[in-house]
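Structure record follows, encoded as structure tokens.
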Amino acid sequence: MRRTVTLSALAAVLAATAAGSALAVGTTSKPTSTPKPTSQTESATDSARANAAERARQRRGTLLDRVPERGVLRVCTTGDYRPFSHRDPKSGAYTGIDIKMAGDLAKSLDAKPQYVPTTWATLVDDLATGRCDVGMGGVSVTLARARKASFSEPYLTDGKTPIVRCEDKDKYRTLEEIDQSGVRVVVNPGGTNEQFARAHIKQATLTVHPDNTTIFDEIIAGRADVMMTDASETRYQSAIHPELCAVHPDEPFSFSEKAYVLPRGDAQFKEYVDQWVHLATHDGTYKKYEDEWMKR
């Protein structure tokens, strides 16, 4: 009888011990489940930090921030297209309507303009590869250029029209009259003037003159008869050369617009330049610079 009681007591003690152990295990196992929500919180925090860093990177990436930080607006310009951009071969100084506009744009960004020489053939590539922040100087909007760069809001409507010696102003009024055997057409290389001439001149003699600053002397000297360029340029050249006449500049052969060339993908900078162009073309700023040159 005593043995039976003793065994019963021992069994009770073992059961109590087992229950206590199980309770202890259950109690100590609870903290192991707590890191899960902590890990989720940390993950959310890391994600927020990453998003903030990306937004900061994007802000640093726009020229709207970088130009003021740098204090310099790099302007690609050919320097051979009056009245928009002209580089003096002796002093190296730049003048023109778009040079004035470049100064205003730079000032609005708390910066100074720095002019980067380029050519019509390389202008868009120079911008796309980061040599400059904006292209200025009478640049026509074309789809080919738009594949590599963005354009600002246009500031001028233009189109190709002839410029000739004044005694020939009634002789070369149409493309048919110009594209005749014996007519000598001259054009500058690499831009929309050459593209237009090659598309329409099949019978006349087409000569590419490498220097756009002296190309009009070819007509004055009688070595060429016609150049087809933007109406804005024909008006200016006929104003400074009384021997030359712009032919129907108010009714050009083609339609085009002039705008400023901007890097692709920088929406913030484009929006700013668009707004600046809109204001300058409506508050008299652009017209003031244009009048200064057209009255020379």
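Predicted model only: the values in this text are computed from it and were never measured. Just so you know, residue 1 is the first one in the sequence shown, and it goes up from there. All values below were derived from every heavy atom in this structure, side-chain atoms included, with hydrogens, water molecules and symmetry-related copies excluded.
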- Could you please spell out the steps behind the side chain to side chain contact (heavy atoms under 4.5 Å, CB included) verdict for Thr207 and Val185? CA-CA 6 Å; Thr207 301; Val185 178; over 6 Å; no
Step by step, work out the side chain to side chain contact (heavy atoms under 4.5 Å, CB included) result for Phe269 and Ser150.
CA-CA 11 Å; Phe269 188 56; Ser150 295; over 6 Å; no
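- Residues Tyr172 and Val247 form no side-chain contact, since every pair of their non-hydrogen atoms from C-beta on lies 4.5 Å or further apart.
- In terms of heavy-atom proximity, Gly159 sits nearest to Pro252 at C-CB, 3.6 Å.
- By the rule that hydrophobic residues join a cluster once side-chain heavy atoms approach within less than 4.5 Å of another member, Val186 and Val164 end up as members of separate clusters.
- Taking the six-membered ring for Trp, Phe84 and Trp293 have ring centres at least 6.0 Å apart.
- Atom CD in Glu271 sits 11.5 Å away from atom CG in Leu262 (nearest 0.5 Å).
- A donor atom on one side chain and an acceptor atom on the other are found under 3.5 Å apart for Tyr155 and Asp98.
- For the pair Thr161 and His248, the minimum side-chain heavy-atom distance is below 4.5 Å.
- In the model, His209 has a side-chain atom that pairs as donor or acceptor with a side-chain atom of Thr214 under 3.5 Å.
- Residue Ile99 holds its CD1 atom at 4.0 Å from OG of Ser85, rounded to the nearest 0.5 Å.
- One N or O on the side chain of Thr281 and one on the backbone of Val277 form a donor-acceptor pair closer than 3.5 Å.
- No hydrogens or angles considered: a donor-acceptor pair under 3.5 Å links the side chains of Asp266 and Thr62.
- Here the side chains of Ile220 and Arg165 are not in contact, with every heavy-atom distance at 4.5 Å or above.
- For the pair Asp283 and Lys288, the salt-bridge criterion is not met [side-chain N within less than 4.0 Å of a carboxylate O].
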Report the C-alpha separation of Asp125 and Lys148 in whole Å, then their side-chain angles, then the decisive distance to 0.1 Å, and conclude whether the salt bridge (Lys or Arg N to Asp or Glu O under 4.0 Å) test is met.
CA-CA 7 Å; Asp125 287 334; Lys148 295 182 178 181; 3.0 Å; yes
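- Atom CD1 in Ile97 sits 11.0 Å away from atom CE in Met136 (nearest 0.5 Å).
- Considering every non-hydrogen atom in both Tyr289 and Met101, the closest pair reads CD1-SD, 3.8 Å.
- Side-chain polar atoms of Asn193 and Thr229 form a donor-acceptor pair below 3.5 angstrom.
- Ring-centre distance between His200 and Phe253: not below the 6.0 Å cut-off.
- You'll find the side chain of Asp158 stays beyond 4.5 Å of the side chain of Ser140, heavy atoms only.
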For this session: Test side chain to side chain contact (heavy atoms under 4.5 Å, CB included) on Asp88 and Thr95 and set out the steps.
Result: CA-CA 8 Å; Asp88 186 286; Thr95 55; over 6 Å; no
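- From Leu206, atom CG reaches atom CD1 of Ile201 across 7.0 Å, with rounding to the nearest 0.5 Å.
- Across Ser254 and Phe196, no two heavy atoms sit closer than the pair CB-CE1, 4.1 Å.
- Val187 and Tyr81 fall into different hydrophobic clusters, where Ile, Leu, Val, Met, Phe, Trp and Tyr are joined by side-chain heavy atoms under 4.5 Å apart, directly or via other members.
- Between the side chain of Asp168 and the backbone N or O of Lys171, no donor-acceptor pair lies under 3.5 Å.
- Under the 4.5 Å side-chain contact rule for hydrophobic residues, Met227 and Val183 do not share a cluster.
- No side-chain heavy atom of Glu194 sits under 4.5 Å from any side-chain heavy atom of Asn188.
- Lys258 and Ser232 share no side-chain donor-acceptor pair at under 3.5 Å.
- Scanning all heavy atoms of the two residues, the minimum distance from Glu233 to Arg82 falls at CG-O, 3.6 Å.
- Taking SG of Cys132 as the reference point, atom CD of Gln114 lies at 10.0 Å (rounded to 0.5 Å).
- Residues Ile163 and Leu175 do not share a hydrophobic cluster, defined by chaining ILVMFWY side chains whose heavy atoms lie under 4.5 Å apart.
- The shortest side-chain heavy-atom distance between Lys160 and Thr192 falls under the 4.5 Å cut-off.
- Atom NZ of Lys100 has 12 or fewer neighbouring heavy atoms from other residues, nucleotides or ligands inside a 6.0 Å radius.
- Between the Arg74 side chain and the Gly130 main chain, a donor and an acceptor come within less than 3.5 Å of each other.
- To the nearest 0.5 Å, atom CD of residue Gln268 and atom CG of residue Leu64 are 7.0 Å apart.
- Among all heavy-atom pairs drawn from Gly137 and Thr77, the shortest one is CA-OG1, 4.1 Å.
- Looking at heavy atoms from C-beta onward, His278 lies out of side-chain contact with Asp274 at the 4.5 angstrom threshold.
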Can you check salt bridge (Lys or Arg N to Asp or Glu O under 4.0 Å) on Asp65 and Arg70, steps first, answer last? CA-CA 9 Å; Asp65 293 330; Arg70 189 197 305 145; over 6 Å; no
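- With Asp179 contributing its side chain and Gln203 its backbone, the two residues share a donor-acceptor pair below 3.5 Å.
- Among all heavy-atom pairs drawn from Leu127 and Ala149, the shortest one is CD2-CB, 3.9 Å.
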* Test Thr157 against Phe255 for side chain to side chain contact (heavy atoms under 4.5 Å, CB included), laying out the working first. => CA-CA 7 Å; Thr157 299; Phe255 168 83; 3.5 Å; yes
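- Under the 4.5 Å side-chain criterion, counting only non-hydrogen atoms from C-beta, Val134 is not in contact with Cys76.
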Test side-chain hydrogen bond (donor to acceptor under 3.5 Å, both in side chains) on Asp80 and Thr213; report intermediate values, then the result.
CA-CA 5 Å; Asp80 66 350; Thr213 61; over 6 Å; no
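- At most 12 non-hydrogen atoms from other residues, nucleotides or ligands lie less than 6.0 angstrom from CD of Glu251.
- Residues Asp104 and Trp276 have side chains that never bring a donor and an acceptor to within less than 3.5 angstrom of each other.
- Both Tyr94 and Tyr286 sit in one connected hydrophobic cluster of ILVMFWY residues. Membership requires side-chain heavy atoms under 4.5 Å apart, directly or through other members.
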